Amino acid sequence: MNNTSPPISFDRPGQTLTLTRHFTQAEFDAFARLSGDDNPIHVDPSFAARTRFGRPVAHGMFLFGVVTSLLETWFPGAVQIDQSLVFPAPTFAGEAMTLELTCLGWKNDGREVVVKAEMRRPDGEMTLESTTRLRLLEES
C-alpha cells in the first residue's frame with residue numbers, strides 16, 4: 001500500500017479513503033523477525049490453532065505500521081502528535097481486510113489534521129480503530 005500517489009487529498013472533513021488489503025502469514029513472519037516479537041500466536045499455526053482465535057493473528061504494531069505508511073503518503077513529513085489505538089478483534093492472514101481513513105478535521109489554524117482509521121474483516125467486524133493527530137509541515 002505504500003509508494004503510491006494519493007488518489008485524493010484530504011481538504012475537508014468527512015473525506016474518506018478506502019483500501020482493501022490481503023495480509024499474508026509471510027508478512028506476519030517477516031514482522032516477527034524484524035521486531036523480535038515471535039510470540040507463537042503470530043507465527044506458529046499449530047500453537048495458534050489451540051487458542052481462542054484458532055489461527056495466527058497479526059501483530060498490532062504491524063497493522064499500525066500499515067496505517068502509519070498511508071498517513072505518510074497523504075501527509076508527507078507530518079509529525080504524529082497524538083494517537084489512540086485499539087484492536088477490538090483479531091486480524092487474520094488471507095482475508096480481504098478493508099482499511100478506511102477518514103479526515104475528521106483540522107486544529108490549530110490548520111497546522112494539524114485529525115484522521116480516523118478503521119480496519120474491518122469481510123464480515124464487518126472491526127479489528128483496528130485509531131485516531132491520529134498530525135502536525136503538518138510548514139509551507140516554505
Side-chain angles (χ1 to χ4, degrees):
M1 280 203 253
N2 12 340
N3 299 326
T4 60
S5 298
I8 63 169
S9 62
F10 286 124
D11 56 9
R12 66 181 185 281
Q15 282 185 293
T16 298
L17 166 69
T18 303
L19 301 166
T20 301
R21 171 86 186 260
H22 291 81
F23 297 108
T24 67
Q25 184 62 51
E27 289 174 308
F28 297 176
D29 296 345
F31 185 84
R33 282 190 305 278
L34 289 170
S35 69
D37 180 356
D38 59 359
N39 184 317
I41 193 65
H42 304 300
V43 297
D44 183 341
S46 297
F47 173 86
R50 298 187 307 271
T51 70
R52 66 186 175 110
F53 302 119
R55 53 189 165 150
V57 300
H59 299 77
M61 291 302 100
F62 168 68
L63 299 175
F64 181 58
V66 171
V67 171
T68 301
S69 174
L70 289 171
L71 291 171
E72 174 63 24
T73 298
W74 270 267
F75 303 102
V79 176
Q80 185 176 335
I81 302 294
D82 189 56
Q83 175 67 52
S84 69
L85 179 64
V86 294
F87 305 98
T91 297
F92 302 111
E95 294 185 328
M97 300 301 297
T98 302
L99 178 59
E100 185 174 276
L101 298 179
T102 303
C103 178
L104 297 181
W106 284 263
K107 295 180 177 248
N108 296 324
D109 298 321
R111 292 187 305 263
E112 297 175 0
V113 64
V114 180
V115 180
K116 179 171 83 171
E118 295 179 343
M119 187 176 295
R120 295 182 185 276
R121 292 201 309 245
D123 66 4
E125 186 169 18
M126 187 180 307
T127 67
L128 174 148
E129 181 177 22
S130 77
T131 303
T132 305
R133 183 168 50 113
L134 301 167
R135 180 175 300 130
L136 304 174
L137 280 177
E138 297 288 329
E139 297 287 326
S140 339

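Small disclaimer: the values here were computed from a predicted structure and weren't measured.
Between atom CD of residue Q15 and atom CG of residue L101 there is a gap of 12.0 Å, rounded to the nearest 0.5 Å. The structure places CG of L85 at 8.0 Å from OG1 of T132, a figure rounded to the nearest 0.5 Å. Summarising the geometry, atom CG belonging to D29 is positioned 11.0 Å from atom CG belonging to L34; distances are rounded to the nearest 0.5 Å. Remark: T98 OG1 to M126 CE distance equals 11.5 Å, nearest 0.5 Å. The structure places CG of L136 at 8.0 Å from CD of E112, a figure rounded to the nearest 0.5 Å. From Q83, atom CD reaches atom CG of L71 across 8.0 Å, with rounding to the nearest 0.5 Å.
Between L134 and Q80, some side-chain heavy-atom pair lies under the 4.5 Å cut-off. Side-chain atoms of L128 and E118, non-hydrogen and from C-beta on, never get closer than 4.5 Å to each other. No side-chain heavy atom of S35 sits less than 4.5 Å from a side-chain heavy atom of M61. For the pair P76/L137, no side-chain contact is recorded, criterion being any heavy-atom separation below 4.5 Å from C-beta on. V114 is not listed as a side-chain neighbour of W106, based on a closest heavy-atom distance of 4.5 Å or more. In this structure the side chain of M97 reaches within 4.5 angstrom of the side chain of R121, judged on heavy atoms.
When all heavy atoms of H22 and A96 are compared, the pair lying nearest together is NE2-CB, 3.3 Å. Across every non-hydrogen atom of T127 and P90, the tightest pair is CG2-O, 3.1 Å. The minimum heavy-atom distance linking G77 with E72 is given by the pair N-OE2, 3.1 Å. Across all their heavy atoms, A93 and Q25 have their closest contact at CB-N, 3.5 Å.
V86 and V115 are not part of a single hydrophobic cluster, where members link through side-chain heavy atoms under 4.5 Å apart. Residues F92 and M119 do not share a hydrophobic cluster, defined by chaining ILVMFWY side chains whose heavy atoms lie under 4.5 Å apart. Taking hydrophobic clusters as Ile, Leu, Val, Met, Phe, Trp and Tyr residues chained together by side-chain heavy-atom distances below 4.5 Å, L104 does not share a cluster with F64. In the hydrophobic clustering of ILVMFWY residues, with side-chain heavy atoms under 4.5 Å counting as a link, F87 and I41 come out apart.
Side-chain atoms of D37 come within 3.5 Å of backbone atoms of N39 as a donor-acceptor pair (strictly under, hydrogens ignored). Judged by distance alone, with hydrogens and angles left aside, the side-chain atoms of T73 form a donor-acceptor pair with the main-chain N or O of S69 at under 3.5 Å.
Among V66, L63, L99, the single residue meeting the side-chain contact (heavy atoms from CB on, under 4.5 Å) criterion with R21 is V66.
Around the CZ atom of R135, the shell of radius 6.0 Å holds no more than 12 heavy atoms that belong to other residues, nucleotides or ligands.
Scored by the ring pair (Phe, Tyr, Trp, His ring centres under 6.0 Å) test, F31 finds H59, F62 as partners (sequence neighbours excluded).
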